[in-house]
Trainee: 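This structure is in structure tokens; I'll ask about it shortly.
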Amino acid sequence: MLKTTHTRYLSAAAAVALASAFGASIAADAPGPQSAPPSASAPNSAPNRYVREGIVIEFSAAPAQESKNRELMEGELADLRFKLTDEASGQPLRGNNPGAWLDIGSVIQGRPGAEVKSCRDKVALYMRGIVGLRPMLDLNSYYVVVLNHDASVSVLDPMVSLARATSTLARIQIARPGADWVKSADGKRIYVSMPFAGQVAVIDADTFKVAANIDAGRSPTRVFLQPDGRYLWVGNDAKVSDASGVTVIDTETLKPVKTLLTGTGHHEIAVSEDNRIAFVTNRDAGTVSLIDVRELKTLREIKVGGVPISVGYSTLARAAYVADGKGGKLTVLAGRDFEPVKRIALRPGLGPLRFTPDGRYAFIVNTSEDLVHVIDTSSNELLHDIPVSGQPFQVAFTRAYAYVRSLASERVSMINLLSLGRGNKPIVQSFAAGAAPPKAGGELPLADSLAPAIGDAAVLVVNPADNTVYYYMEGMNAPASNYQSYGASARAVTVIDRALKETEPGVYASKVRIPVAGRYDVAFLLESPRLVNCFSLEAKENPVLASQRKHIVVEFLLKDREVPLGATVPVRFKVRTEGGEPQIGLKDLRVLSFLVPGQRRNETIAREVEPGVYEAPVAIEEHGAYSINVASQQLQKEFKDLATFTLRTVRPDMDEEIKRRVAAQKQQEQQRPN
């Protein structure tokens, strides 16, 4: 069985070394006699097929089931599949971690007369993480997403950071600062609560843009997605009883379906694994509300007393657990009707409650007592009181450890889950994530400042005090790397996984949204044995999107798309009707420029320099491709409705990179025996 090691699991040095070694030999991996070039197979009909070293790779692309179209189109979801089989036996090749990239064909090319960079050349450049040379879609990595103190969300690309350059891939502006967030199960959406806006922002994780702002009642704070993903539950922390409760949002229509008044105070939320009952705490009222999910009606209120500060549901025990922060008791709700069956005495000062992924253990932090209480849900008994200094306030899990963050300490504590058990002494280690404690960074949101990374053996930790995300790999003495989100104050972190998944034996697939119409190069990499091949697909123009771009036409007047670094380019364009009538006297033409795929965003107002001709300055401050977009409220056109223009910086260093690798290839060929 073949087994590869994906670059997203490597250390920074290892990934760069692999990219260097791969870049020196990629051109030598020409298609063998059994391979067909990408053009030999009609895109979107029969799968493209590549055979080498006894391995068969078949690629296919088709509209996703959710798509209403029968052909691949811009703006629509597509299912991409790579099938790996053994040529001799036909058996599927399981357990691999292949990489893939999608980019517009021949997007990397020099000035007229310069060498054209092939799809294979791009792979080595993508793996090096060169800023400005990123594919349109990367199915080979994950992104670190950071909730900031201001009204924004930053998207960081760890691969680019490996190259010691800025790692900020995109900055997403939201209406007001976020308090909490949750991802959909497929990682395609992020829901962000905005208490001061009275809304929940829905971020499309394919495009990293705000897809919708949903009205969610007064002061929406905690957000919780029920197990089947159908309803998003939003806690309304209003100070008055006639507005305090939960708002339920349908994730299919992205509209609120009901608001239920439950009681005053902050609300924490949990839902049973069968999506039958929702549990909502009412902190000031000292109660927990049980809600019938199907009927969306309150069944009853249970008086748990004190200050119900957190709630969680154990899939193993099939019970809900409510922590009383003031009295220090844990109430267990179990049985068909979830009646109180036990109250476990702990200590006053309880805080957030989290369950291990298997539901076996409940971890409750006690900020006042510098403790973590561990409950065995199989017996509903207190198993351990584990000392953790510095006011512990958050818990996250990997497969092997519980990670505990403390307010007054820069160190993150790690509790070995295998060391838990009656009569055992839990093993606790720690590492420093920065030099200052989190509380030195000021006000913190509800959202967690630590999250499991990709691979089950690493964690990401935000330190608000130094605005840095630390990447820690289990077994290390200190974080392996860190990422900074420049221009923003980081508060919470999560991860969006873009990698291919093995959906059936030997089939590696992903669902993507096609960005634009055109022909795409689809680069595929298998690392052991080292195989690379470039397939292709064609995406047609979407008539719906095309109709939105009609009627008003923006015609850019720049002849040269290549510009020098550091220049300020006067971008001129005409605005006219389809019939050619110029649009004169527009005062609100907004010109948005950003470094693809979304950083260094700048918006300015264009001025009219001739009748119907407008101009706006665009500063080229960093290497890469710049997208120029136009919008106008007067014309009732958003940025997405009108044509765009792309500028690209001159990259002589890229040409030198290709020349170096070609020379290395020739040297290898000369050294080979005849």
Trainee: Take Thr468 and Asn463 through the side chain to side chain donor-acceptor pair (under 3.5 Å) test and state the conclusion after the steps.
Mentor: CA-CA 6 Å; Thr468 301; Asn463 191 331; over 6 Å; no

Trainee: Hey, are Glu301 and Ser289 close enough side-chain-wise for a donor-acceptor pair under 3.5 Å?
Mentor: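 Distance-only check passes for Ser289 and Glu301.
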
Trainee: To the closest 0.5 Å, what do you measure between CD1 (Ile496) and OH (Tyr142)?
Mentor: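 Result: 12.5 Å between the selected atoms.
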
Trainee: Could you check whether Lys209 pairs with Asp204 (Lys NZ or Arg NE/NH1/NH2 to Asp/Glu carboxylate O, under 4.0 Å)?
Mentor: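 Salt bridge: no.
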
Trainee: Decide yes or no for Val307 and Asp324: does some side-chain heavy atom of the first lie under 4.5 Å from some side-chain heavy atom of the second?
Mentor: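 SC-SC contact between Val307 and Asp324 confirmed.
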
Trainee: NZ of Lys239: more than 12 outside heavy atoms within 6.0 angstrom?
Mentor: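 Not buried by this count: 12 neighbours or fewer within 6.0 Å.
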
Trainee: Should Arg360 and Ser378 be marked as a side chain to side chain contact (heavy atoms under 4.5 Å, CB included) after you check the CA-CA gap, both sets of side-chain angles, and the distance that decides it?
Mentor: CA-CA 7 Å; Arg360 174 66 187 275; Ser378 66; 3.6 Å; yes

Trainee: Using a 3.5 Å distance criterion without hydrogens, assess whether the side chain of Arg491 forms a donor-acceptor pair with backbone atoms of Pro445.
Mentor: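 No, the answer is negative, given that no donor and acceptor are paired below the 3.5 Å cut-off.
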
Trainee: Can you tell me if Asn236 uses its side chain to pair, donor with acceptor, with the backbone of Thr247 under 3.5 Å?
Mentor: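 Yes; judged by distance alone, with no hydrogens or angles, the pair exists.
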
Trainee: With side chains defined as the heavy atoms from C-beta onward, is the minimum distance between Tyr401 and Asn416 less than 4.5 Å?
Mentor: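 SC-SC contact between Tyr401 and Asn416 confirmed.
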
Trainee: Does His267 reach the side chain of Arg222, with side-chain heavy atoms less than 4.5 Å apart?
Mentor: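 They are not in side-chain contact.
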
Trainee: Would you check, one step at a time, whether the test side chain to side chain donor-acceptor pair (under 3.5 Å) holds for Asn282 with Ser244?
Mentor: CA-CA 9 Å; Asn282 311 297; Ser244 182; 5.9 Å; no

Trainee: To the nearest 0.5 Å, how far apart are CZ in Arg218 and CG in Asp237?
Mentor: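 Reported to 0.5 Å precision, the distance equals 12.0 Å.
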
Trainee: Which atom pair, heavy atoms only, marks the closest approach of Ile291 to Thr298?
Mentor: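 Result for this residue pair: CG1-OG1, 4.1 Å.
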
Trainee: To the nearest 0.5 Å, tell me how far Ser489 OG sits from His149 NE2.
Mentor: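 Nearest 0.5 Å value for the OG-NE2 distance: 6.5 Å.
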
Trainee: If you round to the nearest 0.5 Å, how far is NZ of Lys326 from CG of Leu350?
Mentor: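 Result: 13.5 Å between the selected atoms.
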
Trainee: Any ion pair linking Glu474 and Arg399 (charged N to carboxylate O, less than 4.0 Å)?
Mentor: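 No, no charged N to carboxylate O under 4.0 Å.
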
Trainee: Flag the pair Lys258 and Glu295 as a salt bridge only when some basic side-chain nitrogen lies within less than 4.0 angstrom of an acidic carboxylate oxygen.
Mentor: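 Glu295 and Lys258: not salt-bridged.
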
Trainee: Are the side chains of Tyr472 and Val412 in contact, using a 4.5 Å heavy-atom criterion?
Mentor: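 No, too far: nothing below the 4.5 Å cut-off.
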
Trainee: Report yes or no: does Ser481 contribute a side-chain atom to a donor-acceptor pair with the main-chain N or O of Tyr471 at less than 3.5 Å?
Mentor: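 No; zero donor-acceptor contacts below 3.5 Å.
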
Trainee: Taking CG in Asn477 as the centre, count heavy atoms belonging to other residues, nucleotides or ligands within less than 6.0 Å. Is the count above 12?
Mentor: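 Counting neighbours around CG of Asn477, 12 or fewer heavy atoms of other residues, nucleotides or ligands fall under 6.0 Å, so no.
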
Trainee: Taking atom CG of Asn380 and atom CD1 of Ile344, what is their separation to the nearest 0.5 Å?
Mentor: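 One gets 5.0 Å once the value is rounded to the nearest 0.5 Å.
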
Trainee: Could you tell me which non-hydrogen atom of Trp181 sits nearest to which non-hydrogen atom of Val146, and how far apart they are?
Mentor: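 Looking at all heavy atoms of both residues, the shortest contact is CH2-C, 3.7 Å.
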
Trainee: Tell me the closest heavy-atom pair linking Met194 and Val200, and the distance in Å.
Mentor: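 That would be CE-C, 4.1 Å.
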
Trainee: Please determine whether a side-chain nitrogen of the Lys or Arg among Lys188 and Asp186 lies less than 4.0 Å from a carboxylate oxygen of the Asp or Glu.
Mentor: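 Here Lys188 does not pair with Asp186 in a salt bridge, since their nearest N and O are not under 4.0 Å apart.
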
Trainee: Quick one: does any side-chain atom of Thr264 pair with a main-chain N or O of Asp284 as donor and acceptor, under 3.5 Å?
Mentor: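 Pair absent, no side-chain N/O of Thr264 close to backbone of Asp284.
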
Trainee: Evaluate Glu381 against Lys342 for salt bridge (Lys or Arg N to Asp or Glu O under 4.0 Å), listing each step before the verdict.
Mentor: CA-CA 10 Å; Glu381 299 290 342; Lys342 189 170 186 177; 2.7 Å; yes

Trainee: Do the side chain of Gln394 and the main chain of Ser449 share a donor and acceptor less than 3.5 angstrom apart?
Mentor: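 Checked: pair present.
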
Trainee: Would you say Ser419 and Asn424 are linked by a side-chain donor-acceptor pair, where the criterion is simply a distance under 3.5 Å?
Mentor: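 Absent: no donor and acceptor within the cut-off.
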
Trainee: Under a 4.5 Å cut-off applied to non-hydrogen side-chain atoms, are Phe431 and Met476 in contact?
Mentor: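 No, their side chains stay 4.5 Å or more apart.
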
Trainee: Less than 4.5 Å apart, any side-chain heavy atom of Leu346 and any of Asn366?
Mentor: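 Leu346 does not reach Asn366 side chain to side chain.
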
Trainee: Per the side chain to side chain contact (heavy atoms under 4.5 Å, CB included) rule, which among Ile269, Val246, Leu232 passes with Phe224?
Mentor: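 Output: one option passes, namely Ile269.
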
Trainee: Compare every heavy atom of Pro352 with every heavy atom of Arg354, then report the nearest pair and how far apart it is.
Mentor: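 Heavy atoms of Arg354 and Pro352 come nearest at NH1-CB, 4.1 Å.
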
Trainee: Which pair of heavy atoms, one from Asp180 and one from Val223, lies closest together, and at what distance?
Mentor: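 Closest approach of Asp180 to Val223, heavy atoms only: OD2-N, 3.0 Å.
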
Trainee: For the backbone of Ile309 and the side chain of His266, can you confirm whether one donor and one acceptor N or O come within less than 3.5 Å of each other?
Mentor: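 No, His266 side chain to Ile309 backbone: no donor-acceptor pair under 3.5 Å.
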
Trainee: Whether the side chain of Tyr403 engages the backbone of Val459 through a donor-acceptor N/O pair (distance < 3.5 Å, no angle test) should be reported.
Mentor: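 A pair under 3.5 Å: no.
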
Trainee: When you look at Tyr313 and Arg318, which way does the side chain to side chain contact (heavy atoms under 4.5 Å, CB included) test go after all the steps?
Mentor: CA-CA 7 Å; Tyr313 183 86; Arg318 296 182 180 178; 3.6 Å; yes

Trainee: Ring centroid separation for Phe338 and Phe279, is it under 6.0 angstrom?
Mentor: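 Yes; Phe279 has its ring centre under 6.0 Å from that of Phe338.
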
Trainee: Verify side chain to side chain contact (heavy atoms under 4.5 Å, CB included) between Val293 and Arg276, making sure each step is shown before the conclusion.
Mentor: CA-CA 5 Å; Val293 174; Arg276 187 172 63 89; 5.9 Å; no

Trainee: What is the minimum heavy-atom distance between Ile364 and Gly351, and which atoms define it?
Mentor: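 Between these two residues, the closest heavy atoms are CG2-O, 3.9 Å.
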
Trainee: Please examine the side chains of Val428 and Met414, heavy atoms only from C-beta on, and report whether any two atoms are closer than 4.5 Å.
Mentor: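 Side-chain contact under 4.5 Å: no.
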
Trainee: Using only atom types and a distance under 3.5 Å, with no angle test, would you say the side chain of Thr221 pairs donor to acceptor with the backbone of Ser219?
Mentor: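 It does hold such a pair.
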
Trainee: How about NZ on Lys183, more than 12 heavy atoms from neighbouring residues, nucleotides or ligands closer than 6.0 Å, or not?
Mentor: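 Atom NZ in Lys183 is packed in, count exceeds 12.
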
Trainee: Do side-chain atoms of Asp370 reach the backbone of Gln391 as a donor and acceptor pair under 3.5 angstrom?
Mentor: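 Confirmed, Asp370 side chain pairs with Gln391 backbone.
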
Trainee: Find the distance between CG (Leu420) and CD1 (Ile415) and round it off to the nearest 0.5 Å.
Mentor: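 That separation rounds to 7.5 Å.
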
Trainee: Please name the residue in the list Phe397, Tyr321, Phe355 that meets the ring-ring contact (aromatic ring centres under 6.0 Å, His included) test with Phe363.
Mentor: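 Of all the options given, the one that passes is Phe397.
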
Trainee: Apply side chain to side chain contact (heavy atoms under 4.5 Å, CB included) to residues Leu260 and Val280 and explain how you reach the verdict.
Mentor: CA-CA 10 Å; Leu260 297 102; Val280 180; over 6 Å; no

Trainee: In the structure I gave you, are the side-chain heavy atoms of Arg189 and Leu254 within less than 4.5 Å of one another anywhere?
Mentor: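 Of all side-chain heavy-atom pairs linking Leu254 with Arg189, at least one is under 4.5 Å.
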
Trainee: Any side-chain to backbone donor/acceptor pair from Asp228 onto Asn275? Under 3.5 Å, distance only.
Mentor: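 Looks like no, no N/O pair under 3.5 Å.
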
